[in-house]
Q: 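Here's a structure for you.
Quantities reported herein were computed from a predicted structural model and do not represent experimental measurements.
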Amino acid sequence: MAGCTGRRWVGRFPGGVCPAAPTDMPWKGRKLFQSEIEVPAFLAEYCVYEYSGAGAPDPAATAALQAAVAGSSDCTFTEDCVTVGPLTDEKEVDATRSILHDEFIQQVNGAALPPVNPGETLAIARVAVIDTKAGAQTPENPHATVVGGLIRDLTCSDPGVRCAADVTYELGLPHLNNIKLDPSGGHFGSMSQVATAIYRSVSDWQSQNYTAPGVPPVNPRLVINASIGAQPGLDCGPNAQQLSCAAQSAYDAIRHATCQGALVVTAAGNSRGGELRHEPGIDGSGADYFSDGEVELSGGTCPAAWTRMISRDECEGIEGQGYDAVFINEGYAPFSESSPGATIETPLLVPVAGVDASNALLPNARKGSLPRNVAFGLLGTAREDPTLPFPPPMTGSSLGAAAWTATAVNAWAYQPELTPREIIDLLHTTGRPIRDAQNAVRTAEVDWDHAPPLEEVKRPSVCAAIRQICISTSPPAACPATPMPACEPFASSPTQNRDLRALAPHFSALFANTASMPASFFGPSATPSSAVPVDKLRNLSTPSWIHPQPETFPCGNCVFNLGLGNVQIYINPDFTSTILTASLLLNDANGGRLGSVPLIPPSSWMSAPAKLSYTISNLPANAAQAVISFEVESGGVTGSSTGTIPFIQ
């Protein structure tokens with residue numbers, strides 16, 4: 001399988017003793033989970049075996065390891081392949097990024113966050129971002145910077161007065177490629193690497209916050225944001241007992257986190273594009289074009305696909321009797337009580353999908369993966385160092401998960417005594433349903449925490465959630481002294497962004513010397529076609545065995561002025577691949593394909609930079625989303641690179 005090198009294997013051994021590796025070969029075995037505090041017994045059973053020799057081990061070395069170790073494992077002893085990752089590659093013109101950043105903040109938080117009662121302080125939650133970055137180090141891949149930076153900016157808009165999140169980073173994706181790792185951060189990771197990052201986030205939080213009886217914790221609550229994903233397949237299915245040891249290690253790390261009182265938020269996953277939402281084979285097989293033998297893959301990526309309920313009894317079964325006494329004594333119980341001494345189940349994790357400003361699902365939403373929680377996920381960017389430029393804006397469920405995480409943290413800051421289940425229910429109860437193009441309320445497509453009828457899909461409102469806390473019979477001291485007014489509903493827009501007209505002057509400057517070329521959506525007697533040849537090509541932005549979250553593409557700045565029917569394109573000067581063709585794809589508010597416009601490139605497209613402008617005639621009245629799909633050639637391989645572009649009016 002692509003992404004597998006034969007160098008890393010994971011097993012689970014009853015009793016917690018790692019069997020000895022062959023002594024005459026360069027195999028090194030060790031415990032997978034390690035920390036300064038005692039590792040729970042069920043996690044201490046996981047062991048990882050790594051090959052310290054050069055290159056890939058030969059078949060004899062692999063067979064020897066299997067013979068010495070595999071028979072003792074009580075789950076499938078398996079190679080820990082690199083199958084998890086985010087996606088960000090190209091850059092955008094810096095002039096527009098601050099505008100997109102501010103727009104994202106306003107879309108999620110509204111005009112301003114609710115006030116804090118003078119003299120009171122908010123509870124600060126620890127937010128652990130499991131991603132491409134380790135601690136304060138500068139990562140190779142900016143995905144973590146954008147996700148974590150947005151969570152910080154959404155919760156710390158005025159650090160001197162109001163800051164609800166302590167954002168930390170745990171490296172779950174350390175691979176630069178299949179073999180090479182970077183301790184400061186990589187592009188991809190394996191299931192067990194994600195597992196150890198999740199475990200580290202829990203053990204570090206506990207060791208720094210629950211140190212002595214009677215000492216109030218600095219960060220009473222932990223939120224784990226895992227805006228990463230692996231494609232459904234052999235190691236990403238609904239039945240955890242059928243997963244390999246490597247995948248089960250990630251699943252058990254999440255169980256441990258949730259049992260300890262953490263709120264785990266995950267991205268529902270993105271489609272890689274394509275009219276039929278086809279994906280490459282899980283093993284990376286197949287020619288450049290999809291064949292009839294390739295099947296459509298749907299459903300959420302993992303860990304989001306593992307969503308289910310977990311009980312305190314299950315937690316006691318794996319963690320030990322009375323494991324949560326310290327949390328209960330501090331007033332931060334992991335489970336809610338339905339009656340004295342009786343607890344109710346809590347979600348193992350919260351999957352989140354992304355929507356645009358009109359509450360339409362993003363064009364790269366995965367089929368069959370819509371959970372009951374969504375949040376704004378269009379064109380977000382953030383930075384840690386104000387002296388540096390903004391990283392590339394991204395679109396996808398990672399950004400939705402970041403926005404939902406920040407909303408939960410902002411509400412929890414007023415009343416951290418709420419359990420994770422209570423904060424999840426609060427955000428859903430006070431959230432607003434999203435609707436399809438026929439104005440019908442959307443319902444969730446994935447199993448979650450309730451029996452039929454299916455749950456309504458809702459977008460949370462930080463104002464509405466905090467107002468609900470503050471109008472209770474015993475409002476927390478942090479609530480403003482004067483009653484909070486009713487919250488304004490999100491101003492829904494027929495286009496992708498509520499107000500991006502401020503971008504127009506920047507784009508006008510970029511395209512001042514560019515002639516406008518005509519392109520018709522369809523001729524007088526033609527029917528718009530949903531078949532886009534470019535869209536059938538394999539996406540070259542990332543290896544075919546990685547199917548992660550937000551994606552960027554060669555368009556440095558692209559925007560669609562719906563009122564003028566004008567598409568303006570700026571190809572990033574750093575883009576080194578050859579652009580062969582491009583198509584403008586239009587969707588309705590349901591994400592349904594309306595058709596496409598081929599953008600015939602002049603010779604200047606053959607290399608970047610390029611400045612182009614197209615005037616599109618015969619536009620359908622119900623156009624609500626725009627995507628540009630490029631056909632590119634890189635290293636002799638032809639493929640596609642597809643991305644969402646903003647509308648302005």
Side-chain angles (χ1 to χ4, degrees), residues 102-125 127 150-165 220-221 223 263 265 331-332 336 346-347 350 352 355 357-359 372-377 400-435 441 455-493 498:
D102 294 346
E103 170 73 9
F104 194 98
I105 302 300
Q106 187 172 2
Q107 278 286 349
V108 177
N109 283 348
L113 287 169
V116 181
N117 192 19
E120 298 295 330
T121 57
L122 296 172
I124 301 174
V127 179
L150 281 172
I151 294 172
R152 178 205 59 217
D153 292 350
L154 287 162
T155 56
C156 304
S157 57
D158 187 355
V161 177
R162 188 191 196 287
C163 188
R221 288 300 186 184
V223 182
L263 172 57
V265 184
Y332 307 111
S336 307
T346 196
V350 180
V352 182
V355 295
S358 68
N359 290 332
R372 72 173 196 162
N373 294 292
V374 299
F376 188 68
W404 196 96
T405 294
T407 304
V409 168
N410 278 324
W412 229 349
Y414 287 80
Q415 198 167 14
E417 299 82 12
L418 296 176
T419 66
R421 172 64 187 266
E422 289 167 344
I423 202 72
I424 293 167
D425 288 348
L426 172 67
L427 262 60
H428 193 260
T429 300
T430 58
R432 296 186 175 88
I434 67 168
R435 299 176 180 272
V441 173
E455 288 279 344
E456 292 182 346
V457 177
K458 291 186 177 181
R459 176 179 172 180
S461 162
V462 61
C463 175
I466 295 175
R467 182 175 189 272
Q468 185 65 34
I469 291 173
C470 292
I471 64 173
S472 65
T473 54
S474 301
C479 287
T482 56
M484 287 181 59
C487 302
E488 292 288 334
F490 287 112
S492 183
S493 167
R498 179 174 54 191

Q: What is the distance from atom CZ of Arg372 to atom CG of Leu427, rounded to the nearest 0.5 Å?
A: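 So the gap between those two atoms works out to 10.0 Å.
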Q: Picking from Val127, Ile423, Thr419, what satisfies side chain to side chain contact (heavy atoms under 4.5 Å, CB included) with Leu263?
A: Ile423
Q: Does Arg459 reach the main-chain N or O of Gly431 with its side chain, forming a donor-acceptor pair under 3.5 Å?
A: no
Q: Tell me the closest heavy-atom pair linking Pro460 and Trp404, and the distance in Å.
A: CG-CD1, 3.6 Å
Q: Over all heavy atoms of both residues, which pair between Glu455 and His428 is shortest? Give the atoms and the distance, please.
A: OE1-CE1, 3.3 Å
Q: Treating Trp412 as the side-chain partner and Leu418 as the backbone partner, does any N or O pair qualify as donor plus acceptor under 3.5 Å?
A: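 Yes, because the side chain of Trp412 sits within donor-acceptor range (under 3.5 Å) of the backbone of Leu418.
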Q: Donor-acceptor pair, distance only, cut-off 3.5 Å: does the side chain of Arg467 make one with the backbone of Pro114?
A: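 No, Arg467 side chain to Pro114 backbone: no donor-acceptor pair under 3.5 Å.
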Q: I need the Phe376 CZ to Ile105 CD1 distance, nearest 0.5 Å.
A: 10.5 Å
Q: For Leu154, is there any backbone N or O sitting under 3.5 Å from a side-chain donor or acceptor partner on Asn410?
A: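 Yes.
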Q: So, do Val409 and Ile151 sit near enough that their side-chain heavy atoms are less than 4.5 Å apart?
A: no
Q: For Gln468, look at atom CD and say whether over 12 heavy atoms of other residues, nucleotides or ligands are found less than 6.0 Å away.
A: no
Q: If you take all heavy atoms of Thr155 and Ala165, which pair is closest and at what distance?
A: OG1-CB, 3.1 Å
Q: Rounded to the nearest 0.5 Å, what separates atom CD in Glu456 from atom CZ in Arg435?
A: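 Answer for the CD-CZ pair, Glu456 versus Arg435, is 8.0 Å.
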Q: Assess whether a salt bridge exists between Lys458 and Asp425, defined as any Lys/Arg side-chain N lying under 4.0 Å from an Asp/Glu carboxylate O.
A: no
Q: What pair of heavy atoms forms the shortest contact from Cys470 to Pro475, and how long is it?
A: O-CB, 3.4 Å
Q: Using modelled atom types only, decide if a donor and an acceptor are shared between the side chain of Ser472 and the backbone of Ile469 within a distance under 3.5 Å.
A: yes
Q: Any side-chain to backbone donor/acceptor pair from Asn117 onto Ala477? Under 3.5 Å, distance only.
A: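 A pair under 3.5 Å: yes.
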Q: What is the minimum heavy-atom distance between Tyr414 and Pro476, and which atoms define it?
A: O-CB, 3.1 Å
Q: Under a 4.5 Å cut-off applied to non-hydrogen side-chain atoms, are Glu120 and Cys479 in contact?
A: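 Glu120 vs Cys479: side chains apart.
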Q: Show the nearest heavy-atom pair for residues Pro480 and Pro115, with the distance to one decimal.
A: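 That would be CD-O, 3.6 Å.
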Q: Just wondering, do Ile471 and Met484 contact through their side chains at under 4.5 Å, heavy atoms?
A: no
Q: Roughly how far, to the nearest 0.5 Å, is the CG atom of Asn373 from the OG1 atom of Thr407?
A: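 Those atoms lie 10.5 Å apart.
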